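As structure tokens, the structure follows; a few thoughts come after it.
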Amino acid sequence: MDYLKGLNESQYEAVTTLEGPLMVLAGAGSGKTRVLTMRIAHLITNGVDPFNILALTFTNKAAREMKERIAKVVGESDARSLWMGTFHSVFARLLRSEAHYLGFPSNFTIYDTQDSLNVLKKVLKEMNIDSDVYKPKKVLGRISQYKNNLITVNAYFNNPEIIEADERANMKLMGEIYRKYVDTCFRSGAMDFDDLLLRTNELLTRFPEVLAKYQDRFRYILVDEYQDTNHSQYLIVKALASKFENICVVGDDAQSIYSFRGANIYNILNFKKDYPDAHTVSLEQNYRSTQNIVNAANVVISKNLQQFKKNVFSENEEGEKIKIYRSLSDADEANFVASNIWEIRNREQRKFEEFAILYRTNSQTRAFEDALRKRNIPYRVYGGLSFYQRKEVKDLIGYLRLLVNENDSEALLRVINYPARGIGETTQNKLIVFADQNNISIAELLSNLGFYAPRLGLNNGVLNKLGEFWSMIKAFQVMLKQDNVYNVAMEVSKRSGLIKLLKDDQTPEGISRVENVQELLNSMQGFLEEQQQLEDGDASLSNFLENIALSADTQRNDDEEDMVSLMTIHLSKGLEFPVVHLVGLEENLFPSFMSSSSREELEEERRLFYVALTRAEKQAFFTYAISRFQWGKITDAEPSRFLSEIDSEFLEFINPAMERRTINRSGLSSSIFDEAPSAETPFFKKKEAKRTIGSTPKEEAVPKNLKPVATARIINPSGQSSQDIEVGDHVRHDRFGVGEVIFLDGTDPNNIKAKVHFANEGEKNLILKFAKLTKI
DNA sequence: CCTTGGCACTTTTTT
DNA sequence: AGTGCCAAGG
């Protein structure tokens with residue numbers, strides 16, 4: 001058990017205390033992920049079947065990274081059979097197999113926020129409710145709150161307090177809207193994000209046999225980022241853990257930053273009340289950052305009233321002071337950061353991937369993209385407007401969703417007249433109202449159009465068009481049964497007229513829309529190949545759709561690795577970078593103007609600041625601008641209050657003479673960091689977000705179930721060329737790039753599995769027959 | 001029924 | 001500045 005070596009005392013305790021409730025309070029940089037990983041490995045080495053372990057993380061990124069690390073210790077196959085993922089993805093999976101209990105189809109659609117909003121808008125319209133008073137976003141937010149607190153529609157109407165609260169807020173129709181929204185989703189066979197948790201709760205409370213089944217299955221439960229769980233998540237965990245009470249929660253109250261989506265910091269603060277005999281371990285030594293950074297972060301977070309007593313310390317070098325740069329404008333700020341990165345990289349021989357630019361809002365990215373591009377500095381933007389949220393992409397996905405679940409009326413209405421085929425708003429409204437009144441879905445209505453036609457009040461022309469549309473959809477569905485997702489999507493985009501419509505638009509935007517659709521199709525082909533090659537792959541359309549619904553950006557990896565990372569602070573949680581630039585430190589931006597009204601909100605912003613600062617290992621830079629281009633005009637800004645909360649002993653001002661300088665019109669600063677790098681080296685390449693950062697796995701553990709085979713023959717599906725391949729060979733794969741063969745398994749030449757470690761993608765298990773590997 | 005042009009609103013953060 | 005929504009005209 002050499003993995004236990006090198007753990008400090010508290011880490012060791014957290015890893016080896018396997019039975020009973022355990023709370024690990026892990027300060028920033030204290031090796032939390034390592035502890036979680038080792039703990040799971042330790043469970044498995046101690047004979048716990050990975051099948052009985054449930055590990056819940058907060059983001060897909062975290063889940064993936066941890067799974068990779070665990071695989072290195074216990075082997076890929078064990079790692080694969082544990083249930084690990086975000087709450088949403090794990091319970092979506094569980095709900096798929098138990099959906100019938102709740103009257104949902106197992107292929108239910110998952111609505112993202114945009115979908116929910118569209119549904120809600122239609123509901124408001126149908127109910128003739130003024131959406132100026134009932135602002136859809138606000139209404140949806142309230143519904144989300146209900147759901148996260150397990151207030152179902154019935155519970156709502158039995159709860160005078162809430163009804164009264166809504167009345168006081170001048171929203172006395174909330175109950176009816178809520179009911180109608182839930183009904184609509186149900187009839188569409190769809191769940192929104194909150195439903196995935198709420199319905200899981202419903203399932204576990206209403207059906208004791210289901211609860212018992214999963215209690216028995218998940219004997220060991222681990223929850224990461226416990227401080228960010230909401231009430232609904234809390235109850236699921238509690239229910240599942242109540243039989244064996246082998247529950248380990250890991251978190252840091254100082255890093256709770258998701259209360260806007262219902263995270264309840266009291267879940268972690270009250271853990272000891274829920275489990276009186278719980279063991280508590282505190283990890284307080286920070287191994288990540290310099291003393292200066294840790295101490296400065298401590299000072300800031302100490303301004304919050306609500307927290308555990310904790311003493312995070314670092315024994316690393318003292319390190320450099322945090323440098324503050326005051327800029328004239330957002331463009332100036334970005335230019336400084338870009339030049340600074342360039343300069344430090346050259347001076348200290350660092351790689352671009354060691355730098356991060358962190359900001360409060362996604363809209364701040366643009367200026368930095370411009371500045372970096374100007375200097376040919378490669379960068380990658382994480383998060384932001386997801387590819388899958390673009391209109392043209394959603395349109396095609398709308399068709400695909402309709403094929404999988406034809407009751408999904410949101411998808412249906414999205415595509416029924418796009419491209420325009422003469423089924424306008426009036427007709428659509430008739431369909432909606434009729435379906436609603438007869439308590440059927442629009443799909444049922446269209447499937448029995450002849451039967452319902454006399455009562456619909458539509459003319460023959462329109463009826464024909466409806467019939468044509470629906471038989472086109474039916475034809476696609478038939479095709480889906482026989483053909484693969486890529487071919488079907490291709491056919492859909494052609495026959496629906498989508499591609500033609502987009503191609504007719506020759507403006508630059510139009511061209512980029514065509515490219516986006518093309519990229520979606522490419523990604524489907526990639527998905528298809530990948531799933532076909534993985535031995536436990538699932539190449540179904542519904543699997544593809546689920547993947548994109550629950551992970552905002554499943555973008556492909558690519559060759560270029562060494563890039564500066566740009567992301568929001570929220571996304572940066574759990575990551576670390578040698579040099580961090582924390583930008584836009586201005587009042588009303590950070591802290592956000594939306595969060596300056598109450599102490600609670602402000603404390604969350606402060607925790608956010610804490611998270612940002614503690615991402616830095618060696619150096620941190622703070623920047624702010626005195627004016628900023630915002631909402632189409634220039635706005636003056638003041639430095640963030642957080643800056644003044646840090647003792648000056650930790651800080652150093654880069655441009656103290658700034659005030660006296662005349663403002664130069666170019667907005668470029670000319671202080672000590674002038675010299676912009678020349679633009680002659682053309683290695684700049686813009687990349688979309690990818691999921692994993694840095695760390696390529698190096699050592700390999702021998703998987704238990706694979707028997708080594710010395711050599712195997714590559715057989716192409718086409719059967720043309722074949723070549724011998726053996727362990728240790730370097731191979732090239734169309735999508736995954738270059739990698740090394742670690743393992744071969746199987747005697748049947750048609751079914752030889754190869755485990756390949758790709759430089760960019762990590763390990764993959766491939767079926768040799770399908771994977772087009774070339775020896776290099 | 002569809003297209004166009006003007007106008008209002010936007011930006012907090014994510015599953 | 002960019003997007004989405006609505007009203008009016010074709």
Side-chain angles (χ1 to χ4, degrees), chain A residues 56-63 85-92 110-118 121 125 131-132 135-137 141 144 147-148 191-198 225 228-230 232-233 256-263 330 358-367 382-386 388-391 417-429 458-459 461-462 465 509 546-553 567-573 584 588-597 601 604-605 607-609 611-612 628-635 689:
Chain A
L56 296 165
T57 61
F58 213 65
T59 62
N60 295 299
K61 199 189 284 177
T86 61
F87 274 88
H88 290 86
S89 66
V90 163
F91 295 115
I110 298 171
Y111 281 169
D112 65 19
T113 313
Q114 220 178 81
D115 300 323
S116 305
L117 217 48
N118 289 340
K121 280 180 195 162
K125 202 165 159 195
S131 54
D132 284 339
K135 294 222 181 341
K137 270 193 184 156
S144 174
K147 287 186 175 178
N148 285 329
M191 297 198 198
D192 63 20
F193 285 138
D194 300 318
D195 281 332
L196 294 176
L197 307 172
L198 176 64
E225 310 282 10
D228 280 327
T229 50
N230 64 32
S232 193
Q233 292 166 322
S256 166
I257 54 174
Y258 280 100
S259 70
F260 70 90
R261 70 181 220 203
D330 44 351
L358 306 181
Y359 36 79
R360 180 64 178 83
T361 66
N362 281 308
S363 60
Q364 287 165 262
T365 28
R366 173 153 306 186
Y382 291 78
L385 296 177
S386 164
Y388 296 107
Q389 281 168 22
R390 291 176 201 184
K391 183 180 177 303
N417 197 34
Y418 191 84
R421 46 177 77 87
I423 306 172
E425 207 187 315
T426 329
T427 309
Q428 288 178 35
N429 283 337
L458 294 169
N459 65 42
V462 172
K465 286 172 188 161
E509 302 85 48
E546 174 155 339
N547 281 340
I548 62 178
L550 290 176
S551 62
D553 48 316
M567 66 186 87
T568 62
I569 301 165
H570 282 88
L571 270 181
S572 76
K573 191 158 74 156
N588 295 326
L589 182 58
F590 190 20
S592 160
F593 64 96
M594 299 292 291
S595 308
S596 328
S597 53
E601 288 175 332
E604 175 146 321
E605 295 285 310
R607 290 192 293 270
L608 203 47
F609 183 87
V611 168
R628 183 171 288 279
F629 200 69
Q630 229 174 355
W631 296 290
K633 52 174 187 268
I634 292 168
T635 344

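Small disclaimer: the values here were computed from a predicted structure and weren't measured. First the proteins, then the strands, lettered A, B, ... as listed; each starts at 1.
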Item to check | Within 45° cone and under 6.0 Å: A:Lys147 NZ/CZ vs A:Phe193 ring | outcome: no
Checklist entry - How long is the span from the OG1 atom in A:Thr229 to the OH atom in A:Tyr258, to the nearest 0.5 Å? => result 13.5 Å
Checklist entry - Base, sugar-phosphate, or nothing for A:Phe593, non-hydrogen atoms under 4.0 angstrom? => result sugar-phosphate
Checklist entry - So what does A:Ser363 hit on the nucleic acid, given a heavy-atom distance under 4.0 Å: a base, only sugar-phosphate, or nothing? => result base
Item to check | Length of the line joining A:Lys573:NZ and B:dT14:P, which is rounded to integer Å | outcome: 12 Å
Next on the checklist: From C-beta outward on A:His88, which listed nucleotide comes closest to its side chain: B:dT13, B:dC2, B:dT15?
Outcome noted: B:dT15
Checklist entry - Heavy atoms under 4.0 Å, any strand shown: does A:Leu589 hit a base, just sugar-phosphate, or nothing? => result nothing
Checklist entry - CG of A:Leu56 versus C1' of B:dT15: gap in Å, rounded? => result 13 Å
Checklist entry - Are there more than 12 heavy atoms of other residues, nucleotides or ligands under 6.0 Å from atom CZ of A:Arg366? => result no
Checklist outcome for this item: A:Arg628 CZ to B:dT11 P, in whole Å, measures 17 Å
Checklist entry - Is there a donor on the side chain of A:Thr113 or the base of B:dT15 sitting less than 3.5 Å from an acceptor on the other? => result yes
Next on the checklist: Over all strands shown, is A:Asn417 touching base, sugar-phosphate only, or nothing at heavy-atom distances under 4.0 angstrom?
Outcome noted: sugar-phosphate
Next on the checklist: With a strict under 4.0 Å distance from non-hydrogen atoms of chain A, what nucleotide opens and what nucleotide closes the contacted stretch of DNA chain C, reading 5' to 3'?
Outcome noted: C:dA1 to C:dC5
Next on the checklist: For a quick check of understanding: with a heavy-atom distance under 4.0 Å over all strands, which category does A:Leu571 fall into, base, sugar-phosphate or nothing?
Outcome noted: sugar-phosphate
Checklist entry - Within the structure shown, what part of the strands sits under 4.0 Å from A:Asn362 by heavy-atom distance: base, sugar-phosphate, or nothing? => result sugar-phosphate
Checklist entry - CD/A:Gln114 to CG/A:Leu117 distance, rounded to the nearest 0.5 angstrom? => result 8.0 Å
Item to check | Sugar-phosphate, base or nothing in reach of A:Lys135, heavy atoms under 4.0 Å | outcome: nothing
Next on the checklist: Under 4.0 Å from OP1 or OP2 of B:dT11: is there any side-chain N or O of A:Asn588 that close?
Outcome noted: no
Checklist entry - What integer number of Å spans the P atoms of C:dG4 and B:dT13? => result 16 Å
Checklist entry - So, A:Ser116 and A:Thr113: side-chain donor and acceptor under 3.5 Å apart, yes or no? => result no
Item to check | Per A:Ala420 side chain, nearest of listed nucleotides B:dT11, B:dC2, B:dT14 | outcome: B:dC2
Checklist entry - Starting at CZ of A:Phe629 and ending at P of B:dT11, how long is that distance when rounded to a whole Å? => result 17 Å
Checklist entry - Which part of the nucleic acid, if any, lies within contact of A:Ser89, taking any heavy atom under 4.0 Å across all strands shown: a base, the sugar-phosphate backbone alone, or nothing? => result nothing
Checklist entry - Is A:Leu56 close to A:Phe91 at the side-chain level, that is, under 4.5 Å between some pair of heavy atoms? => result yes
Checklist entry - Looking across every strand, which nucleic acid part, if any, lies under 4.0 Å from A:Phe87 by heavy atom: base, sugar-phosphate, or nothing? => result nothing
Checklist outcome for this item: Taken to the nearest whole Å, NZ/A:Lys137 to P/B:dT10 is 7 Å
Checklist entry - Expressed in angstrom and rounded to an integer, what is the separation of A:Tyr258 atom OH from B:dT15 atom P? => result 6 Å
Checklist entry - Reckon A:Lys121 touches a base, only the sugar-phosphate, or nothing at all at heavy-atom distances under 4.0 Å? => result sugar-phosphate
Checklist entry - With nearest nucleotides of DNA chain B determined for A:Met594 and A:Thr86 from heavy-atom distances, which residue corresponds to the more 5′ nucleotide? => result A:Met594
Next on the checklist: Just the rounded figure in Å: distance from C1' of B:dT13 to OH of A:Tyr382.
Outcome noted: 19 Å
Checklist entry - Would you say the side-chain atoms of A:Ser144 and A:Asp194 include a donor-acceptor pair closer than 3.5 Å? => result yes
Checklist entry - Hey, does the side chain of A:Asn148 reach the backbone of A:Gly262 with a donor-acceptor pair shorter than 3.5 angstrom? => result no
Next on the checklist: I'd like to know if the side chain of A:Gln233 and the backbone of A:Asn230 have a donor-acceptor N/O pair within less than 3.5 Å.
Outcome noted: yes
Item to check | Aromatic ring pairing A:His570/A:Phe260, orientation class (parallel under 30°, perpendicular over 60°, tilted between) | outcome: perpendicular
Checklist entry - Is the distance from OP1 or OP2 of B:dC1 to the nearest side-chain N or O of A:Thr426 less than 4.0 Å? => result yes
Item to check | Closest-nucleotide ordering on DNA chain B, the 5'-leading residue of A:Gly422 and A:Phe193 | outcome: A:Gly422
Checklist entry - Looking only at atom types and distance, does a side-chain atom of A:Tyr388 sit under 3.5 Å from a main-chain N or O of A:Ala549, one as donor and one as acceptor? => result no
Next on the checklist: Can you give me the dot-bracket string for DNA chain C, 5' to 3', counting Watson-Crick and G-U wobble pairs with both distances under 3.5 Å, using [ ] for crossing pairs and | for partners on another strand?
Outcome noted: ||||||||||
Checklist entry - Roughly how many Å is it from CD in A:Glu601 to P in B:dT11, rounded to a whole number? => result 17 Å
